[in-house]
Amino acid sequence: MKADVIKLDGGSAGTLDLDEALFGLEPRADILHRVVRWQRNNAQAGTHKVKTRSETSYSTKKIYRQKGTGGARHGDRNAPIFRKGGIYKGPTPRSHGHDLPKKVRKLGLKHALSAKAAAGELVVIENASAEGKTSALAKQIAELGWKRALIIDGAQVDENFAKAARNIEGVDVLPTAGANVYDILRRDTLVITKAGVEALEARLK
């Protein structure tokens with residue numbers, strides 16, 4: 001499939017052939033959901049923790065005698081039945097991550113790229129380079145109408161471009177190795193450089 005290539009100043013830079021196996025698939029929501037869920041679960045800290053009755057700081061002395069009070073029998077004050085006592089079966093630190101086959105992960109990235117292409121939210125630019133001025137780059141991005149954009153470059157991101165873009169709200173810049181389903185789907189516009197397209201095709205073949 002053909003795609004128009006533009007420059008950052010909005011000018012035309014010809015066309016580029018995009019691989020149908022990457023950008024021409026029928027997007028499947030089930031695959032995208034599986035990959036996004038895998039990503040978000042792996043990113044979860046899993047550090048939530050509560051105190052059990054062995055960790056709360058009350059005395060372990062029996063709080064009152066067993067019989068003759070007219071109330072229920074109780075042992076120490078740390079029991080879960082009491083306010084601020086230990087928590088029964090509460091959360092403990094653990095990993096929320098789970099395994100996902102590499103084939104499914106790769107397929108998910110292909111479907112994410114295809115979803116952006118099918119929705120008309122894919123833009124191919126000649127290169128991502130800047131003089132390091134945030135104001136100048138922000139003006140160019142505003143003129144192009146990119147409000148929430150993910151820019152994917154080749155194996156390396158131009159250092160000056162990364163510095164200029166890092167303080168622009170709603171704009172993320174990633175090298176090809178960092179391209180992932182979640183970041184692609186959560187941005188309104190996917191911008192890929194020509195070098196990025198070549199690197200993605202090499203990565204996903």
Side-chain angles (χ1 to χ4, degrees), residues 1-44 95-130 137 141 144-146 148-166 170-205:
M1 60 187 286
K2 290 275 188 183
D4 293 326
V5 182
I6 63 169
K7 300 176 183 176
L8 275 174
D9 60 9
S12 176
T15 59
L16 182 69
D17 281 322
L18 298 179
D19 192 343
E20 290 277 352
L22 267 68
F23 297 93
L25 299 174
E26 185 68 35
R28 280 181 53 183
D30 61 319
I31 291 175
L32 294 174
H33 175 263
R34 284 182 68 186
V35 179
V36 169
R37 184 169 165 269
W38 170 77
Q39 272 189 250
R40 301 313 296 152
N41 282 2
N42 282 339
Q44 214 169 330
S95 169
H96 291 266
H98 61 269
D99 291 331
L100 190 68
K102 283 184 180 178
K103 285 184 179 180
V104 179
R105 287 183 251 163
K106 186 182 281 191
L107 193 59
L109 192 50
K110 291 179 182 179
H111 279 264
L113 295 170
S114 296
K116 286 297 180 186
E121 296 171 351
L122 174 67
V123 178
V124 181
I125 59 174
E126 190 173 28
N127 56 56
S129 59
L137 182 59
I141 287 174
L144 289 167
W146 302 344
R148 298 177 71 250
L150 172 65
I151 301 170
I152 298 176
D153 205 347
Q156 296 290 329
V157 176
D158 181 77
E159 190 176 342
N160 288 335
F161 185 84
K163 283 182 178 178
R166 69 187 176 189
V171 174
D172 286 333
V173 183
L174 292 173
T176 311
N180 63 87
V181 175
Y182 177 69
D183 282 329
I184 289 172
L185 294 180
R186 77 190 187 103
R187 294 300 187 190
D188 295 335
T189 307
L190 174 62
V191 182
I192 312 179
T193 63
K194 287 175 75 173
V197 171
E198 292 171 7
L200 279 171
E201 288 177 352
R203 173 184 166 185
L204 296 174
K205 274 186 176 176

>> Restricting to side-chain contact (heavy atoms from CB on, under 4.5 Å), what partner residues turn up for Q44, sequence neighbours left out?
In response: N41, H96
> Nearest heavy-atom pair of K7 and A13: which atoms, and what distance?
Replying inline: CG-CB, 4.0 Å
> Which pair of heavy atoms, one from G97 and one from N42, lies closest together, and at what distance?
Replying inline: CA-OD1, 3.0 Å
>> Using the salt bridge (charged side-chain N to carboxylate O under 4.0 Å, His left out) criterion, which residues pair with R187? Sequence neighbours excluded.
In response: D172
> Does the side-chain contact (heavy atoms from CB on, under 4.5 Å) test come out yes or no for H111 and V35, once each step is laid out?
Replying inline: CA-CA 10 Å; H111 279 264; V35 179; over 6 Å; no
>> If you compare all heavy atoms of L32 against all heavy atoms of G108, which two are closest, and at what distance to 0.1 Å?
In response: CD2-O, 3.5 Å
> Who are the ring-ring contact (aromatic ring centres under 6.0 Å, His included) partners of H33, not counting sequence neighbours?
Replying inline: none
>> So which atom in F23 and which in M1 form the shortest heavy-atom distance, rounded to 0.1 Å?
In response: O-SD, 3.5 Å
> Please walk me through it: do D17 and K2 pass side-chain contact (heavy atoms from CB on, under 4.5 Å)?
Replying inline: CA-CA 5 Å; D17 281 322; K2 290 275 188 183; 3.2 Å; yes
> Under the salt bridge (charged side-chain N to carboxylate O under 4.0 Å, His left out) test, which residues partner D9, sequence neighbours left out?
Replying inline: none
>> Which residues pass the salt bridge (charged side-chain N to carboxylate O under 4.0 Å, His left out) test with R28, not counting sequence neighbours?
In response: D30
>> Under the rule for side chain to side chain donor-acceptor pair (under 3.5 Å), what residues qualify as partners of N180, not counting sequence neighbours?
In response: Q39, D183
>> Using the side-chain contact (heavy atoms from CB on, under 4.5 Å) criterion, which residues pair with A3? Sequence neighbours excluded.
In response: L18, V124
> Nearest heavy-atom pair of A199 and T176: which atoms, and what distance?
Replying inline: CB-OG1, 3.3 Å
> Is any side-chain heavy atom of L22 closer than 4.5 Å to a side-chain heavy atom of V197?
Replying inline: no
N/O donor-acceptor pairs under 3.5 Å from side chains in residues 154-164, not counting sequence neighbours:
from: D158; atom 1: OD2; to: N160; atom 2: N; distance (Å): 3.3
from: D158; atom 1: OD2; to: F161; atom 2: N; distance (Å): 2.9

> Who passes salt bridge (charged side-chain N to carboxylate O under 4.0 Å, His left out) against E198, sequence neighbours left out?
Replying inline: none
> Hey, mind stepping through L122 and L113 against side-chain contact (heavy atoms from CB on, under 4.5 Å) and telling me if it holds?
Replying inline: CA-CA 8 Å; L122 174 67; L113 295 170; 5.7 Å; no
> Among pairs that include at least one residue of residues 104-120, which meet salt bridge (Lys or Arg N to Asp or Glu O under 4.0 Å), considering only residues two or more places apart or in two chains?
Replying inline: K116-E121
> How long is the span from the CG atom in L109 to the CD1 atom in I184, to the nearest 0.5 Å?
Replying inline: 5.0 Å
>> Whether the side chain of W38 engages the backbone of H98 through a donor-acceptor N/O pair (distance < 3.5 Å, no angle test) should be reported.
In response: yes
> Minimum heavy-atom separation for G24 to S114, with atom names?
Replying inline: N-OG, 3.6 Å
> Residues in side chain to side chain donor-acceptor pair (under 3.5 Å) with R148, at least two apart?
Replying inline: D188
>> My understanding is that only residues two or more places apart in sequence, or in another chain, count here; which of them pass side-chain contact (heavy atoms from CB on, under 4.5 Å) with I125?
In response: I6, L8, V123, A128, W146, V191, T193
